[in-house]
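A quick write-up on the structure given underneath.
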2 protein chains.
Amino acid sequence: MTAAAVQVLHEHGYRATPQRLLVLAAVGELRHATPEQILAHIHQTSPGVNLSTVYRVLEVLEDVDLVTHAHIGSGSATYHATDGPAHLHFRCGGCGRVQSLPAIIAEPFVQQVRERLGFHADVTHAGIDGRCRECAATQEQP
Amino acid sequence: MTAAAVQVLHEHGYRATPQRLLVLAAVGELRHATPEQILAHIHQTSPGVNLSTVYRVLEVLEDVDLVTHAHIGSGSATYHATDGPAHLHFRCGGCGRVQSLPAIIAEPFVQQVRERLGFHADVTHAGIDGRCRECAATQEQP
DNA sequence: GTATATGCAAAGGGTTTGCACGGTT
DNA sequence: AACCGTGCAAACCCTTTGCATATAC
C-alpha cells in the first residue's frame with residue numbers, strides 16, 4: 001500500500017518523502033488521530049520529525065485524497081485514511097472515544113435537508129458529539 | 001425579557017451586570033455570532049467592554065442555559081439564544097451563511113444511531129458543513 | 001543539479017488566566 | 001461592607017509561516 005501511495009503522490013507532482021509515508025502509516029494505524037498524536041506515534045521510531053512537517057504533510061495527503069480530516073469536539077481536527085467507505089464520527093464527551101458508522105445511514109436525513117433548504121450537507125466533515133453507551137449509563141460529566 | 005434574564009441569573013447565584021445583559025442582548029439580536037462579532041456589536045454602544053469578559057459572560061450564560069454554542073466550520077464557536085426550540089446549523093462552505101432547521105428532523109437518525117451503537121447523539125452541538133442551494137449551483141470553491 | 005521538503009524558530013489567531021480595581025448585592 | 005465581576009495584559013494552545021539546509025527526483 002505504501003507503493004500505491006508513492007504512486008499517487010507522484011501522479012500529483014509530489015515527492016514521496018519518508019515523512020509523508022510515516023504520516024500516512026501513522027494515520028492508517030491510529031485511525032482518528034490529531035496532528036499531535038500522529039507526531040507522538042512517529043516519534044516512537046523517528047524522533048527527528050517536526051510538528052510543522054506533520055501539518056504540511058497532512059495538507060498534501062488531503063490534497064491527493066489519501067487522508068481526510070473531521071472536526072470533532074472542540075480540540076484539534078482528527079485525521080483518518082480514505083481507504084474505506086465514508087463514515088460518520090461520534091465522539092463521546094465523557095471518555096473521548098470516537099466511534100464510526102457508515103455515512104449512508106444519514107442519507108434519509110441528508111435528503112430531507114436537501115428538500116427543505118436546498119442545502120447539500122456533508123455529514124462526514126463534522127463529528128457528532130454525544131455520550132457513548134457506557135458514559136450515558138454512568139452519567140459522567142464532560 | 002431582560003427582567004427574566006436577571007431573574008434567571010439571580011436564581012443561579014450570579015449577578016446581573018450590564019455586560020451580561022449586553023452580551024445576552026447581542027446574542028439575541030445577532031443569532032449565530034462568534035465572541036468577536038458579539039463584542040463588535042456591543043462596542044457600537046458600549047466601547048468599554050473587553051473580549052475576555054465576553055468569553056467569561058458566555059460561559060455564565062451557558063451555565064444558566066440562556067445561551068448555547070455550536071462549532072461550525074473551523075473558526076470560532078457561534079453562540080445563540082436558547083429561546084426557540086433546538087435547531088441544527090448548516091454552514092455553507094462557499095458563502096459562509098448559516099441556515100437552520102428544527103432538530104426534530106434528525107430524530108430518526110439519532111434513533112438509529114442509538115440502536116446501532118448505543119450512542120446518544122447531540123446533533124445540535126456541531127454545525128453541519130456543506131453547500132447552500134446557490135453555492136451548490138454556482139460550484140464555488142471554499 | 002534543481003526544485004521541493006524539511007527543521008527550526010518565530011509569528012499568528014483564538015481562548016484562558018492572574019491580578020488589582022470597580023460595581024452589584 | 002463583602003464579594004463577585006471586570007478590564008487589562010500576559011500566558012497559553014494550536015496552527016501557520018520565513019528562512020536556510022537537506023534531499024528526492
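Order of the sequence lines sets the chain letters (A, B, ...), proteins ahead of strands, with each chain counted from 1. This structure is a prediction, so every number in the text was calculated from the model and none was measured.
In this structure, B:His69 and B:Tyr79 have tilted ring planes: the angle between them lies in the 30° to 60° band.
If you check C:dA3, C:dG7, C:dG18 against the side chain of A:Arg15, the one that comes closest is C:dA3. Nearest to the side chain of B:Glu36, among C:dG14, C:dT24, C:dG7, sits C:dG14.
Taking atom CG of B:Leu9 as the reference point, atom P of D:dG5 lies 9 Å away to the nearest angstrom. As a whole-Å value, the separation of A:His71 NE2 from D:dC14 P is 15 Å. Atom CZ in B:Arg20 sits about 11 Å away from atom P in D:dG7, given to the nearest Å. At whole-Å resolution of the value, CD1 in B:Ile42 and C1' in D:dT6 are 13 Å apart. Going from atom CD of B:Glu59 over to atom C1' of C:dT17 covers 11 Å, rounded to whole Å. Atom-to-atom, CG of B:Leu39 to P of D:dC8 comes out at 11 Å; the value is rounded to the nearest Å. C:dT6 atom C1' lies 16 Å from atom OH of A:Tyr14, rounded to whole Å. Rounded to a whole Å, the CG atom of B:Leu51 is 16 Å from the P atom of D:dA10.
Residue B:Gln19 has a polar side-chain atom (N or O) positioned under 4.0 Å from OP1 or OP2 of D:dG7. Contact annotation: B:Asn50 reaches the phosphate of D:dC8 (side-chain N/O to OP1 or OP2, under 4.0 Å). Between B:Ser76 and C:dG13, a side-chain N or O to OP1/OP2 separation shorter than 4.0 Å is absent. Between A:Ser52 and the phosphate of C:dC8, there is no side-chain N or O to OP1/OP2 separation shorter than 4.0 Å. Note on B:Thr17: every side-chain N or O is 4.0 Å or more away from OP1 and OP2 of C:dG23.
Side-chain rings of A:His87 and A:His89 approach one another, their centers coming within less than 6.0 Å. In this structure, A:His71 has its ring center under 6.0 Å from that of A:His125.
The backbone N or O of B:Thr34 sits less than 3.5 Å from a side-chain atom of B:Gln37, completing a donor-acceptor pair.
Counting any heavy atom pair closer than 4.0 Å across all strands shown, A:Arg56 reaches a base atom.
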